[in-house]
*Asks:* 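I have a structure here, written as structure tokens, and I will follow up with some questions on it.
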There are 2 protein chains.
Amino acid sequence: MSDLLTRLREQGWRLTAQRRVVAEVLDGEHVHLTADEVHARAVDRLPEISRATVYNTLGELVQLGEVLEVSTDGRAKRYDPNAHHAHQHLICSVCGTIRDVHPSADPLAALPDAERFGFAVSGAEITYRGLCPDCRAAT
Amino acid sequence: MSDLLTRLREQGWRLTAQRRVVAEVLDGEHVHLTADEVHARAVDRLPEISRATVYNTLGELVQLGEVLEVSTDGRAKRYDPNAHHAHQHLICSVCGTIRDVHPSADPLAALPDAERFGFAVSGAEITYRGLCPDCRAAT
DNA sequence: TCCTAACTTGGACTTTGTCTAAGTCAACAC
DNA sequence: GTGTTGACTTAGACAAAGTCCAAGTTAGGA
Ligand SMILES: [Mn+2]
Ligand SMILES: [Mn+2]
Ligand SMILES: [Zn+2]
Ligand SMILES: [Zn+2]
């Protein structure tokens, strides 16, 4: 995480208390928080931080490629700091739990040329859906 | 489409002018409209139809499995009447154009057991991203 | 230490969607 | 055809998620 702060400073970022706190909240490998969840946790550490700054900072981190935006359900976007390790998501249809998963094949390989319609295809996001162990048990 | 109306009547649906108009707007194979776009087109045919009814009707069609909800960008959900033919989506990163595409392999097959974490995995939605021919040309 | 462009803030505003109470009407019975 | 009634529709209030702005603050270089 401190290497993240280093990278950001090299990008010309001013290192403010607010940005540091947002970066700290996003620390950890398997976090998928909404902007308001990030804000709530940031407030625990820095009570005066505003919602606008959290949104601004998250947007900047996404621009810089340090954080991924994940929109899976038409509700609030989730912010994923695991941006340097390509992966996909597995989501429980009942409780909404999100897991990072790593498919064995390159998803792009499954899309034949005839199905590309002249697009320059550059990426694929996969959302696997199912029931998590807890929700399977609770039937 | 009239077979859709037949199926709905068999489900105990009252066949109102409003529902008929929403079904008509969603007719066609490759349509991916937002709720407000559906409302705008419905108003052309039935000026007094309300937003609430469009949302209600779309929700009912989704419940019945006649229409799919597609959330790709954290903005408004899109409604997809092509529900009886499994497919995935290819979206232009610049202009947002959406195409239906049909991958050659079952996406679930690419997720090894070791990556399922005890989930009962039942489906996968793939969003391919790239540049459409028009946006490639306009560089 | 001072200066200033960059950053932050609270609150207004927008977009997307949900909810409710009151009014309307499709479909069935007769 | 007429009457009845529960399902349906409506306008508008409300809520959640996100954007924008003018005014105030501050990190970091001079
Ligand atoms: Mn992730
Ligand atoms: Mn489609
Ligand atoms: Zn679950
Ligand atoms: Zn395009």
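Worth knowing before you read on, the calculation uses all heavy atoms, side chains too, and leaves out hydrogens, waters and symmetry mates.
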*Asks:* Taking atom C1' of D:dA17 as reference, at what distance in whole Å does atom CG of A:D73 sit?
*Replies:*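 Spelled out: CG on A:D73 to C1' on D:dA17 is 12 Å.
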*Asks:* Rounded to the nearest Å, what distance is computed from the CG atom of residue A:L58 to the P atom of nucleotide D:dA17?
*Replies:*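 Rounded to whole Å, this separation is 14 Å.
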*Asks:* Looking only at the aromatic ring of each residue, does the gap between the centers of B:H30 and B:H32 stay below 6.0 angstrom?
*Replies:*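 For B:H32 and B:H30, the ring centres are not under 6.0 Å apart.
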*Asks:* Rounded to whole Å, please give me the gap between CZ in A:R20 and C1' in D:dT26.
*Replies:*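 My rounded result for the distance is 13 Å.
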*Asks:* Quick one: what's the B/S/- string for nucleotides 4-15 of chain C, heavy-atom cutoff under 4.0 Å, read 5' to 3'?
*Replies:* -BBSSBB----S
*Asks:* Can you spot which of A:L68, A:V62, A:V31 makes a side-chain contact (heavy atoms from CB on, under 4.5 Å) with A:Y79?
*Replies:*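 The option that passes is A:V62.
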*Asks:* Within a 6.0 Å radius of atom CZ on B:R129, are there more than 12 heavy atoms belonging to other residues, nucleotides or ligands?
*Replies:*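 Atom CZ in B:R129 is crowded, with more than 12 foreign heavy atoms closer than 6.0 Å.
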*Asks:* Are B:V70 and B:K77 packed together at the side-chain level, in the sense that at least one heavy-atom pair is separated by less than 4.5 angstrom?
*Replies:*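 Not touching, per the 4.5 Å side-chain cut-off.
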*Asks:* Would you say a side-chain N or O of A:Y55 is under 4.0 Å from OP1 or OP2 of D:dT19?
*Replies:*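 For D:dT19, OP1/OP2 do not have a side-chain N/O of A:Y55 under 4.0 Å.
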*Asks:* What's the CG-C1' distance between A:L33 and D:dA17, to the nearest Å?
*Replies:*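 About 16 Å, once rounded to whole Å.
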*Asks:* Partners of A:P133 by side-chain contact (heavy atoms from CB on, under 4.5 Å), sequence neighbours excluded?
*Replies:*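 Result, side-chain contact (heavy atoms from CB on, under 4.5 Å) vs A:P133: B:F119.
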*Asks:* Measure from the side-chain N and O atoms of B:R116 to the backbone N and O of B:L111, and report whether any donor-acceptor pair falls under 3.5 Å.
*Replies:*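 Checked: pair present.
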*Asks:* Does the side chain of A:Q88 reach to within under 4.5 Å of the side chain of B:E115, using non-hydrogen atoms?
*Replies:*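 No, too far: nothing below the 4.5 Å cut-off.
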*Asks:* Using rotation axes that map the C1' atoms of four end pairs onto the next four (five pairs an end), what angle separates the end axes of the helix from C:dT1-D:dA30 to C:dC30-D:dG1, to 10°?
*Replies:*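 Terminal axis comparison yields 30°.
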*Asks:* Can B:H87 and B:D80 be counted as having a side-chain donor-acceptor contact under 3.5 angstrom?
*Replies:*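 Looking only at side-chain atoms, B:D80 and B:H87 do form a donor-acceptor pair, the distance falling under 3.5 Å.
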